[in-house]
Protein chains: 2
Amino acid sequence: MSNSRSIAEELRVLFETLTPTERKVGRVLLANYPVAGLETIAQLALRADVSGPTVLRLISKLGFDSYTAFQTSLRDELEIRLQSPLVRHDPAQLQGDSDFLVSYAARITQLMQETVAHLPRVEFDGVVDLLGERKNRIWLLGGRLTDPLAAYLCHHLKVVRADVVHLRGVPSSWADSLVDMGKHDVLVIFDIRRYWDGALHIAEMAAQRKVSVLLFTDQWLSPVSRVARFTLAAHTAGPSGWDTNTPLMLLVDAVIAALNTRQWGAISDRLQEVEAMRARLGEGSSRADE
Amino acid sequence: MSNSRSIAEELRVLFETLTPTERKVGRVLLANYPVAGLETIAQLALRADVSGPTVLRLISKLGFDSYTAFQTSLRDELEIRLQSPLVRHDPAQLQGDSDFLVSYAARITQLMQETVAHLPRVEFDGVVDLLGERKNRIWLLGGRLTDPLAAYLCHHLKVVRADVVHLRGVPSSWADSLVDMGKHDVLVIFDIRRYWDGALHIAEMAAQRKVSVLLFTDQWLSPVSRVARFTLAAHTAGPSGWDTNTPLMLLVDAVIAALNTRQWGAISDRLQEVEAMRARLGEGSSRADE
DNA sequence: AGCACAATCTAATTTTTATTACATTTTTAT
DNA sequence: ATAAAAATGTAATAAAAATTAGATTGTGCT
């Protein structure tokens, strides 16, 4: 396929050059775009009241070698469209916006909602369970951009529990840690595209030793998900847009909050009030941030 | 599939009763819903790294007699959804306060909106200007919990420009850097409560030397804001009294995005060089995620 | 009217896809 | 540790789909 125009646009341009029956197909396609194109040739032909070959000729005029290629293209298009209706994977659109921050926040909000809507509950609960279990030892591992998130999660976990280690530095040094791991260890991996081979290797080795692998990734799912016990996927942006890790951080934050709520159970309410009061009264205290 | 629940919901409900490999399929399906389900069994199986029959077993558990029936149902659902573009994910999905994750996300979303609503535009633009100015040198500094955010911003800035340094380790070692700073330096500080005296001292010393201090903080404003040239405040009071840094990350992300869109032309060359170098440095050893 | 040409369909063929039966592996419980 | 049960994959098979070839219909032109 030549350019970046949508198939629908392409079809509209081509429309006047089409034969009468081909137009019938075109109309059906545009009227129920893109769903109609995802049906079989026979179904589409029936809808348009034409024969299969006619459909095929139209597809071929659109520049596709096969109906399959056409459908693949449609699906790709659809995927992008469903991901971010606000911003059409076009950074320039944000630029012209009078209020960059507002539209940016709106977009992230949307991504966050998508993230939450797509996340299976058992996955989330499973992660919280595993991280909350005292008997387990926790190991954290992040990629270049996600290591800060691993560090962030590490800090918070350390508040709640013992046996939390953030793996840093060169991969080779992790081997020592790895050999000692067993079924009471939990390896938390952050891996977003482009995915990191090293993470997969380590995850595979860990999984072989019955280590529970938890994965934080993007909606395209790192290959690590194949060996992971639980996977939390965040929607991080459209394919050609600028990625954001904020939805991923939402997940991290939510896990932390869930852990806190669970662990502190009854006293959390009281703690809340105390916290709120302290904030309202203002504070003269010092020390590092928390 | 007798009832009116969406297939995605159905799948989420069923999730915990699924076998491990079936869950893999479920994850892929939910992460790329509904497009993944419109592919062939073989394609879907490949994505999820399982066999065809496993996909089929899942579909059957969902109550479909055949894969074709499943796809038809998906398409019908999609058609309805596309007709009313405003209702993107059925609201029912987002309702139900019983669900921790959903209500948590809702709270954070609100905090983000508050954050954006309260943030003066000139502050935001000022930060972007300063960070985008090539002549300036950038120094980053974070607190215990916010250092990951500093690291995150640092990574992204390095993609866009030179002269970016993340100050790590013990405060005393920063003195060397500090004495060299002048009016062409920008010191980015992350400080949320409880505020850190060290940050204030450094900020004061820097300000005296005409260094531009940029502050990322919470809505109660770190004392650093008194000497800061620009302050970006995020609303961070999370549910259950536990703070969340997600809105802060939103700001960081927004700044990065603004920088990227603003000077896209200039960046792209640099980006290519960086990419090329990274590739040359070998893919086996380096952490590749991005 | 009748020829040429385009448009379209029918039906056969090929290719792909879904489905089934069964073997193998993994897990669980004793 | 061992057997039973569950889960999963392999490979053969059946079904359905896409694609092609050629026949048929319709249209415009002299």
Side-chain angles (χ1 to χ4, degrees), chain A residues 7 14-29 34-75 122 126 182-184 204-213 225-230, chain B residues 1 7 11 14-29 35-75:
Chain A
I7 296 169
L14 217 64
F15 208 87
E16 54 186 344
T17 73
L18 298 178
T19 67
T21 41
E22 281 167 359
R23 288 186 187 193
K24 284 165 93 176
V25 180
R27 274 182 219 112
V28 170
L29 216 42
V35 178
L38 295 171
E39 298 173 349
T40 67
I41 288 183
Q43 286 172 312
L44 181 53
L46 184 67
R47 274 221 229 192
D49 191 37
V50 301
S51 70
T54 300
V55 171
L56 216 48
R57 276 188 291 267
L58 169 62
I59 297 307
S60 137
K61 281 191 182 175
L62 277 168
F64 294 98
D65 292 339
S66 70
Y67 192 69
T68 306
F70 164 70
Q71 288 193 319
T72 301
S73 207
L74 266 188
R75 276 196 302 265
V122 279
K183 60 172 173 280
H184 282 299
E204 278 170 343
M205 286 164 65
Q208 222 155 19
R209 295 171 175 281
K210 309 292 182 190
V211 172
S212 297
V213 177
S225 70
R226 277 177 275 185
V227 298
R229 182 148 166 215
F230 295 113
Chain B
M1 32 113 236
I7 295 170
L11 177 53
L14 217 65
F15 208 90
E16 52 188 340
T17 72
L18 299 178
T19 68
T21 39
E22 283 165 0
R23 287 186 185 193
K24 285 163 111 180
V25 180
R27 276 183 213 112
V28 170
L29 217 42
V35 178
L38 295 172
E39 297 173 349
T40 67
I41 288 184
Q43 286 171 312
L44 181 53
L46 184 68
R47 275 221 225 191
D49 191 38
V50 301
S51 70
T54 300
V55 171
L56 216 49
R57 277 187 288 265
L58 171 64
I59 297 307
S60 130
K61 280 191 183 177
L62 277 169
F64 294 98
D65 293 339
S66 71
Y67 192 69
T68 306
F70 164 71
Q71 288 194 317
T72 302
S73 204
L74 266 188
R75 275 195 302 265

Measure the distance from [atom1] on [X] to [atom2] on [N] and round it to the nearest whole Å.
X: A/K24; N: C/dT8; atom1: NZ; atom2: P; value: 9 Å
X: B/Y67; N: C/dT20; atom1: OH; atom2: P; value: 15 Å
X: A/F64; N: D/dT19; atom1: CZ; atom2: P; value: 12 Å
X: B/L38; N: C/dA18; atom1: CG; atom2: P; value: 12 Å
X: A/E39; N: D/dA18; atom1: CD; atom2: P; value: 11 Å
X: A/L18; N: C/dA6; atom1: CG; atom2: P; value: 16 Å
X: B/I59; N: C/dT20; atom1: CD1; atom2: C1'; value: 17 Å
X: B/Q71; N: D/dA16; atom1: CD; atom2: P; value: 14 Å

Heavy atoms within less than 4.0 Å of DNA chain D: which residues of residues 41-57 of chain A have one? Give them sorted by number. A/I41, A/A42, A/P53, A/L56
Search all heavy atoms of B/A45 against all heavy atoms of B/G52 and return the closest pair with its distance. CB-N, 3.9 Å
Quick check on B/E16: does its CD atom have over 12 non-hydrogen neighbours (other residues, nucleotides or ligands) under 6.0 Å away? no
Is the side chain of B/S66 donor-acceptor paired with the backbone N or O of B/A69 at a distance under 3.5 Å, no angle test? yes
Taking A/L18's backbone N and O only, do any of them form a donor-acceptor pair with A/R23's side chain (distance below 3.5 Å, no angle check)? yes
C/dA7 OP1/OP2 closer than 4.0 Å to side-chain N/O of A/T19: no
Can you tell me if A/K210 touches the phosphate of C/dT27, counting only side-chain N or O atoms and a distance under 4.0 Å to OP1 or OP2? yes
Between B/T21 and A/D65, the residue closer to the 5' end of DNA chain D by nearest nucleotide is B/T21
At 4.0 Å (heavy atoms only), tell me whether B/T68 reaches a base, stays on the sugar-phosphate, or touches nothing. nothing
With the side chain defined as heavy atoms from C-beta on, B/T40 is closest, among C/dT8, D/dA7, C/dA18, to C/dA18
For the pair A/E204 and A/R226, find out whether any cationic side-chain nitrogen is under 4.0 Å from an anionic carboxylate oxygen. no
Just how far is it from atom CG of B/L29 to atom CG of B/L62, taken to the nearest 0.5 Å? 8.0 Å
Across all chains, not counting sequence neighbours, the ring-ring contact (aromatic ring centres under 6.0 Å, His included) partners of B/F70 are B/F64, B/Y67
Any side-chain donor-acceptor pair under 3.5 Å between B/S60 and B/R57? no
When you compare the side chains of A/T68 and A/Q71, does any donor N or O come within less than 3.5 Å of an acceptor on the partner? no
Note the angle between the end axes of the helix from C/dA1-D/dT30 to C/dT30-D/dA1, five pairs defining each, rounded to 10 degrees. 30°
